[in-house]
Amino acid sequence: MGNIMTNRLDRGFERYREEFEAAALRVLRSGWYILGRELEAFEKSYADYIGTKYCAGCGNGLDALSLACRAIGISEGDEVIVQGNTFIASAMGISAAGGRPVFVEPDEYYQLDPAQIEPHITERTKAVMVVHLYGQTARMDEIKAICDRHGLKIIEDCAQSHGAYAGAQKSGSIGDIGCFSFYPSKNLGCFGDGGAVVTDNEEYYERIKQLRNYGSRVRYYNEELGVNSRLDEMQAALLSVRLSHLEELNAERKAAAAFYDEEIRNPKVKTPVCRDGAEHVYHQYVIRCKERDALAEHLKSRGVDTIIHYPVPPHLSKAYAFLGMKEGSLPVTEEYADTVLSIPMYSGITREEQQTVTEAINEF
Ligand SMILES: Cc1ncc(COP(=O)(O)O)c(C=O)c1O
């Protein structure tokens, strides 16, 4: 038997193979591959699923974020508050629109700490970007109250939280605009790159549709400098299949997480905690350990792969060196970067595989 890998995309395909193959053939035979009926159908069902009026597909999650930032009016020099412990694409989405990410500390659930917002508001602050990291939703009631008080927009980065509720609403439908990635490993993943923006705001929606298509509404009449960032018909059709099963897929992840919660018994290892009032759809199951690298080595020797989300926080990356933030400037974020470890979690993981993982962890 090979190693237990951190993800098995092949199992996600096999499970609904016939439906995926039928959808792919339908698109191949249709003779229409970009901006057509498949995309319209997916956009409609995804907006219904999330609970927003509109959804616009685009090329990937990073584009969803940058187009959303542009649509809500982020421009040169505007500041957007975002948690330090995120995938760098969250920050790059802000930068691509000309904005400046202002990194702040997360709470003990790895989500943006609402208490960190007000101390970081300046005259240039335009928005807060909330990342529902690893699949757990942030404290949206508190964040919304603060943003309302200060007239700040909320962008939700839902690349890891498809289908997760915060209170009575699904992530993506709470702020002003929600951004999704459909990268293959995501809870709702396609078979290539894909992304979408959801919103109740018609103006933002129309602007995204224009920006994603060379800044044009009417073919060859270009209103502004746009990009080419479209969710193609093939990905849209395959996503419609996966979306019809998303609830069962998320339920399976939760059951796998409950098994880990129950079975991991090692005082050196901290398992994730789901906050009361939040939902966790376990895009990743992230543990923490002071001897993280030794634990990863040990697991590898027992045939268990792991991955670190993320080893270098964006504020310490070369890409953001120009912000001038030094090591030690975000101690909680940096502590997380040094201690987090994601263990195998995916659609189709078996109990036996999970048992191998937990036994190896407990043995450490
Ligand atoms: C939190 C977060 N934001 C943004 C992205 C970017 O998505 P994409 O890879 O589709 O550009 C990802 C995933 O890759 C992510 O995890």
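Note that this is a predicted model, so its numbers are computed, not measured. As the structure lists them, so they are numbered: ligands from 1, and atoms in each ligand from 1.
- In this pair, Y260 and Y285 present their aromatic rings tilted. The plane angle is within the 30 to 60° band.
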Which atom pairs, nitrogen or oxygen on both sides, join ligand 1 and the protein at under 3.5 angstrom?
unit_1: ligand 1; atom_1: 3 (N); unit_2: D157; atom_2: OD1; d: 3.3
unit_1: ligand 1; atom_1: 3 (N); unit_2: D157; atom_2: OD2; d: 2.8
unit_1: ligand 1; atom_1: 7 (O); unit_2: S181; atom_2: OG; d: 3.3
unit_1: ligand 1; atom_1: 10 (O); unit_2: G61; atom_2: N; d: 2.7
unit_1: ligand 1; atom_1: 10 (O); unit_2: S181; atom_2: OG; d: 2.7
unit_1: ligand 1; atom_1: 11 (O); unit_2: G61; atom_2: N; d: 3.3
unit_1: ligand 1; atom_1: 11 (O); unit_2: L62; atom_2: N; d: 2.9
unit_1: ligand 1; atom_1: 14 (O); unit_2: K186; atom_2: NZ; d: 3.3
unit_1: ligand 1; atom_1: 16 (O); unit_2: Q160; atom_2: NE2; d: 2.8
unit_1: ligand 1; atom_1: 16 (O); unit_2: K186; atom_2: NZ; d: 3.1

Legend entry - Residues R212, E43; criterion salt bridge (Lys or Arg N to Asp or Glu O under 4.0 Å); working and verdict: CA-CA 14 Å; R212 76 177 177 186; E43 287 175 335; 3.0 Å; yes

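- Below 30°, between 30° and 60°, or above 60°: for H162 and Y46 the angle between ring planes is between 30° and 60°, a tilted geometry.
- With no hydrogens or angles considered, no side-chain donor-acceptor pair links H132 and Q160 at under 3.5 Å.
- Note on K153 versus D176: no salt bridge recorded, every NZ/NE/NH1/NH2 to OD/OE distance being 4.0 Å or above.
- Note: H245 and Y16 have parallel aromatic rings, judged against thresholds of 30 and 60 degrees for the angle between ring planes.
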